[in-house]
Amino acid sequence: MTSPTRVVIAGAGVAAFEATLALRAAAADLVDIELVAPETRFWYRPLAVAEPFGLGDVLSFELPHLAAEAGAQFTPGEITAVDAAAHVARTASGAELPYDVLLIATGARPRPAVAGALTFRGPGDTDLIRGLLRELDGGDVRSVAVAVPLGAVWALPAYELALLIAGYADTHDLKDVEVVLVTPEEEPLQLFGTVAGAAAKALFAERGIALHTHASATEARDGQLHLVPEAIVAADRVVALPRLYGQPIDGIPHTRDGFIVVDEQSRVAGFRDIFAAGDVANFPVKQGGIAAQQADAAAEAIAADLGAIPEARPFRPVLRGLLLTGRMPRYLRHEVSGGRGGTSTVSLEPLWWPPAKIVGRHLAPFLARLAGGGEPEPEAPPPGAVPIEVELGRDEVARAEARRGALAFAEEEDDGEREERMVGEIMSSEVLAVAPEDTLGEIAERMRER
């Protein structure tokens, strides 16, 4: 009998755990997995933006327990160097970890990008946003700018912050509060395509949020946010997302910003048995769902090398995002490249299953089970929601778009209680069944009849 292949995973975030779960599913006992990371807890970061507003809690798990549940061993430490010839990874403390296969999933390091601004990086900055809300309550702040910096960054939280701050001011009857979003994107939510951009513009117009696209924030001082191209936006407070940088590891080639170049199987350029996935990889989109897809590609490549599966599927990014608005969230989906023409969809009901904010084929149901229902999960997928790795067919896209239109019509009603009731009715096929061939006009007419 041969010993299991020793897989060392540097990191303990989304990509690391998705890869662990995917490897266990594909290669089972053929692999012995060890996770190595300096932190002691796994943080479910996407809900950090909602926590200050009382709309969600940031979940966290002890890493040794989480690793054991996923079928791996956890070792505290930070891998800082790799001797590829000797198949040894070294930690900052000098420990040597032999490996057969190495997967680097160390994520990216956030750094402030706008001088003078409050930098929102995640769970650790929840109190920072709570402090801003207290300033709004006290009347000390009347204008807030949210800035997306240039460079490697995931922009969706900026849109959520702008919407949630505007919603907070509205629900707390704070008069004359102005909110503005500044982004270098040519169109809002550009990564998700024109459909998402149009939806964002409509939401911002409804909430009274000003939008400055194709502009980069450089500095906040004296109640002003300075932009490039040359412009100034009035803002008592500025909240900016950080810019992301990779953390170089000696012995592993990287770009100027510290990111590792990988191929479509997440294999590091120039190496057969070293992989990288997640924010540390050089793919320009830094997002949990993309990290999970890269991890799946790496896990399948490793499993195929071991003969556990006949063939590995390459990384073919499909971008999925859940936009928190303070009211009904929007499900966004866009094929980044390849596929069947780059379809883009926005919906008020789930477009994937399970409907988690971090979309990982293995990680989403794993975390939902451990959290005891921490992710909202209906008893059965609604029409239009498909398993994460199943692409939407043309009829399913049509159905989701039709239902999105009907739900948007309901959301425009003048009363929140009526909106909630109508949305519930629409989502029940017994009340309003929506077929792919239905037009928005036909659905709206049915709504008026009801």
### Query
What's the spacing between Arg267 CZ and Ile260 CD1 if we round to 0.5 Å?
15.0 Å

### Point-to-point distance, once rounded to the nearest 0.5 Å, from CG of Leu319 to CG of Leu156
9.0 Å

### Task
Please assess Phe17 against Leu35 for the test side-chain contact (heavy atoms from CB on, under 4.5 Å), listing each intermediate value before the final yes or no.
CA-CA 9 Å; Phe17 274 99; Leu35 294 170; 3.7 Å; yes

### Query
Is there a side-chain contact between Gln73 and Ile33 (heavy atoms, below 4.5 Å)?
no

### Query
Taking the side chain from Asp236 and the backbone from Gly223, do they hold a donor-acceptor pair closer than 3.5 Å?
no

### Query
Between Gln293 and Phe315, is any pair of side-chain heavy atoms under 4.5 Å apart?
yes

### Query
Heavy-atom distance under 4.5 Å between the side chains of Val7 and Asp32, does that happen here?
no

### Task
With the side chain counted from C-beta on, respond yes when Asp29 and Pro4 share a heavy-atom pair under 4.5 Å apart, and no when they do not.
no

### Summary
Here the gap from Leu150 atom CG to Thr183 atom OG1, rounded to the nearest 0.5 Å, amounts to 9.0 Å

### Query
Are Arg111 and Tyr245 in a cation-pi setup, meaning NZ or CZ lies under 6.0 angstrom from the ring centre and within 45 degrees of the ring axis?
yes

## Note on the structure
Closest heavy-atom pair, Ala70 versus Thr20, reported as atoms and distance to 0.1 Å, is O-CG2, 3.6 Å

### Message
Tell me if a side-chain donor or acceptor on Thr218 pairs with a main-chain N or O of His226 at a distance below 3.5 Å.
### Response
yes

### Query
With a 4.0 Å cut-off, would you call Glu206 and Arg327 a salt bridge?
yes

### Message
In the structure I gave you, are the side-chain heavy atoms of Ile79 and Arg90 within less than 4.5 Å of one another anywhere?
### Response
no

### Message
Just so I know, are the side chains of Val144 and Leu136 near enough to count as touching, which here means a heavy-atom distance under 4.5 Å?
### Response
yes

### Query
Side chains of Glu34 and Thr75: do they bring a donor and an acceptor to under 3.5 Å?
yes

#### Entry: Backbone of Gln294 reached by a side-chain donor or acceptor of Ser266 within 3.5 Å
yes

### Query
Taking atom CG of Leu133 and atom CG of Leu128, what is their separation to the nearest 0.5 Å?
10.0 Å

### Distance-only side-chain donor-acceptor flag, Thr126 / Glu51, under 3.5 Å
yes

### Message
Evaluate Glu300 against Arg361 for salt bridge (charged side-chain N to carboxylate O under 4.0 Å, His left out), listing each step before the verdict.
### Response
CA-CA 13 Å; Glu300 289 197 11; Arg361 180 171 29 150; 3.3 Å; yes

### Message
Which heavy atom of Ala22 sits nearest to which heavy atom of Ala299, and what is that distance?
### Response
CB-CB, 3.5 Å

### Message
How close do Leu189 and Tyr159 get, counting heavy atoms only, and between which atoms?
### Response
N-OH, 3.0 Å

### Message
For Asp257, run the salt bridge (charged side-chain N to carboxylate O under 4.0 Å, His left out) check against Arg109, Lys286, Arg243 and tell me which one passes.
### Response
Arg243

### Query
Could you give the distance from CG (Leu351) to CZ (Arg330), rounded to the nearest 0.5 Å?
12.5 Å

### Message
Quick check on His214: does its NE2 atom have over 12 non-hydrogen neighbours (other residues, nucleotides or ligands) under 6.0 Å away?
### Response
no

### Query
Would His212 and Val233 satisfy side-chain contact (heavy atoms from CB on, under 4.5 Å), going step by step from the backbone distance to the final call?
CA-CA 9 Å; His212 291 265; Val233 171; 4.0 Å; yes

### His172 ring center near Tyr168 ring center (under 6.0 Å)
yes

### Task
Mind listing the closest non-hydrogen atom pair of Pro229 and Ala215 along with its distance?
CD-CA, 4.3 Å

### Expected output: side-chain Glu62 to main-chain His65 donor-acceptor under 3.5 Å
no

### Query
So, for Ala162 and Phe204, which heavy atoms are closest and what is the spacing to 0.1 Å?
CB-CZ, 4.1 Å

#### Entry: side-chain contact (heavy atoms from CB on, under 4.5 Å) partner of Val82, the single match among Ile249, Val8, Val88, Leu97
Ile249

### Message
What verdict does the side-chain contact (heavy atoms from CB on, under 4.5 Å) test give for Glu69 and Leu370, after you've listed the backbone C-alpha separation in whole Å, the side-chain angles of each residue and the deciding distance to 0.1 Å?
### Response
CA-CA 9 Å; Glu69 288 286 331; Leu370 290 183; 4.0 Å; yes

Tabulate below the donor-acceptor pairs under 3.5 Å that side-chain atoms of residues 271-285 make, not counting sequence neighbours, or state none.
unit_1, atom_1, unit_2, atom_2, d
Arg272, NH2, Asp305, OD1, 2.9
Asp273, OD2, His87, NE2, 2.4
Asn282, OD1, Val262, N, 3.3

### Task
Work out which heavy atom in Leu181 is nearest to a heavy atom in Val148; give both atom names and the distance.
CD1-CG2, 4.5 Å

### Query
Between the side chain of Glu39 and the main-chain N/O of Gly13, is any donor-acceptor distance below 3.5 Å?
no

### Query
Do Glu264 and Arg316 sit within salt-bridge range, that is, some charged N less than 4.0 Å from a carboxylate O?
yes

### Query
Just by modelled atom types, is the Ala295 backbone N or O under 3.5 Å from a matching donor or acceptor in the Glu18 side chain?
no

### Message
Counting C-beta onward and ignoring hydrogens, is there a side-chain heavy-atom pair between Asp263 and Val268 closer than 4.5 Å?
### Response
no

### Task
Taking atom types as modelled, find out whether Thr345 and Arg333 have a side-chain donor-acceptor pair closer than 3.5 angstrom.
no

### Task
Using the side-chain contact (heavy atoms from CB on, under 4.5 Å) rule, take Glu185 and Thr213 through it: C-alpha gap first, then chi angles, then the decisive distance, then the call.
CA-CA 6 Å; Glu185 302 163 290; Thr213 57; 5.7 Å; no

### Query
Can you tell me how far the CG atom of Asp100 sits from the OG1 atom of Thr5, to the nearest 0.5 Å?
5.5 Å

### Min side-chain heavy-atom separation Arg207-Asp170 under 4.5 Å
no

### Query
So among Arg237, Arg142, Arg130, which one has a side chain to side chain donor-acceptor pair (under 3.5 Å) with Glu135?
Arg237

